[in-house]
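Have a look at the structure below before the remarks.
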There are 2 protein chains.
Amino acid sequence: MQHFDVNWLLSRAAHGLREAMDTEAMAHGTSIRGQIVLTALVQNSHPDARPYSQLALGHALGVDKTTMTALLDKLERQGLVVRTPDPNDRRARIPVPTEAGRELQAKLYHQLAAVEDRVLADLAPAERDVLRSLLRRIISTEEPVEGSCV
Amino acid sequence: MQHFDVNWLLSRAAHGLREAMDTEAMAHGTSIRGQIVLTALVQNSHPDARPYSQLALGHALGVDKTTMTALLDKLERQGLVVRTPDPNDRRARIPVPTEAGRELQAKLYHQLAAVEDRVLADLAPAERDVLRSLLRRIISTEEPVEGSCV
DNA sequence: TATTGTTATACTCTATAACTATA
DNA sequence: TATAGTTATAGAGTATAACAATA
């Protein structure tokens, strides 16, 4: 496990952090993945931003369109997101966070940051930045990702 | 996604690397997880090492005993591992790699290292060491792990 | 013809609970 | 009583294929 253990280390670290954050998110009736989608939508709803279609959103977050359909189904059922028609393309739909969605996103944002802080407690702020930077470079090698969300 | 995106970055990086390595492993009839189990068993079969029970092996690799049962079932079906009785505890079983298991592990070891090399191509050797070190520290914060395998 | 989104389906990974055989 | 391992089962995450509506 000395020369190709990065895969194992990544899987373990990802699983542990996700579990910790999901526990916190589920205490508020949602999930870490729901919060990621919600956050991407909120952060992309500036007046000068082009709104995400479902496909664009899925591409930005690295998930398949079928996965995105399931995620949005759940968020819409909870009243956190509504799907609005795209005026320029009648095939496409634009997911928009509701007021309740924005409120939950803002509340969870800080609480999930606290959980991440706890799990990364051993890493100094500069080390966390290094980690983020290294991970971004791995991901962009694997598959190009637009910079809007990461 | 600025202050709690480590979870997302880890998930993406882990998924991408796993997929690349699994593609290579499956071309040889096994999986990355099968290879991880096999490698742990081979590396722990020094004369002076205490052999892993299934439970100890699962704990070392961070997987549940039920997951370990399924992994060993597959490896045993392929003739890569046999489960031998523990002479000191008749409840326990000691998984031992067969000769075929050792050969496949050795062959895949280098080929999977090459895949990891390819995915981590943008990272200098020193940066990969930093990444491993940071990930180890996250994992050990989440849950203590004995040092034999990592 | 190609694309957006949905549905149905399947496969992997993980975990919980109930069971057995030992300790 | 507690532990090692198995089985059954369920849930989350991912992906493929077929389809409807639209481009």
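FYI, side chains are in, hydrogens and waters are out, and symmetry mates aren't considered; it's all heavy atoms of this structure. Chain identifiers are assigned alphabetically (A, B, ...) following the order of the sequence lines, protein sequences preceding nucleic acid strands; residue numbering begins at 1 within each chain.
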Any base atoms under 4.0 Å from A/S53, or only sugar-phosphate, or nothing? Heavy atoms, all strands. sugar-phosphate
What nucleic acid atoms does B/D89 come within less than 4.0 Å of, heavy atoms only: base, sugar-phosphate, or nothing? sugar-phosphate
With the side chain of [X] defined as its heavy atoms from C-beta on, choose the nearest nucleotide among [options].
X	options	value
B/K65	D/dG13, C/dT14, D/dA4	D/dA4
A/T66	D/dT14, C/dG5, C/dT7	C/dT7
A/R90	C/dT14, D/dT22, D/dG13	D/dT22

[N] OP1/OP2 closer than 4.0 Å to side-chain N/O of [X]:
X	N	value
A/R93	C/dT6	yes
A/R83	C/dT6	yes
A/R33	D/dA12	no
A/T69	C/dG5	no

Is there a donor-acceptor contact under 3.5 Å linking the side chains of B/R33 and B/T67? no
[atom1] of [X] versus [atom2] of [N]: gap in Å, rounded?
X	N	atom1	atom2	result
A/M21	D/dA12	CE	C1'	17 Å
B/R91	D/dA4	CZ	P	6 Å
B/H15	C/dC11	NE2	C1'	12 Å
B/E19	C/dC13	CD	C1'	14 Å

For A/E127, all residues meeting salt bridge (charged side-chain N to carboxylate O under 4.0 Å, His left out), sequence neighbours excluded: B/R137
If you fit an axis to the five pairs at each end of the helix from C/dT1-D/dA23 to C/dA23-D/dT1, how big is the angle between those two axes, to 10 degrees? 10°
Among A/R83, A/K65, A/R93, the one residue meeting side-chain hydrogen bond (donor to acceptor under 3.5 Å, both in side chains) with A/Q54: A/R83
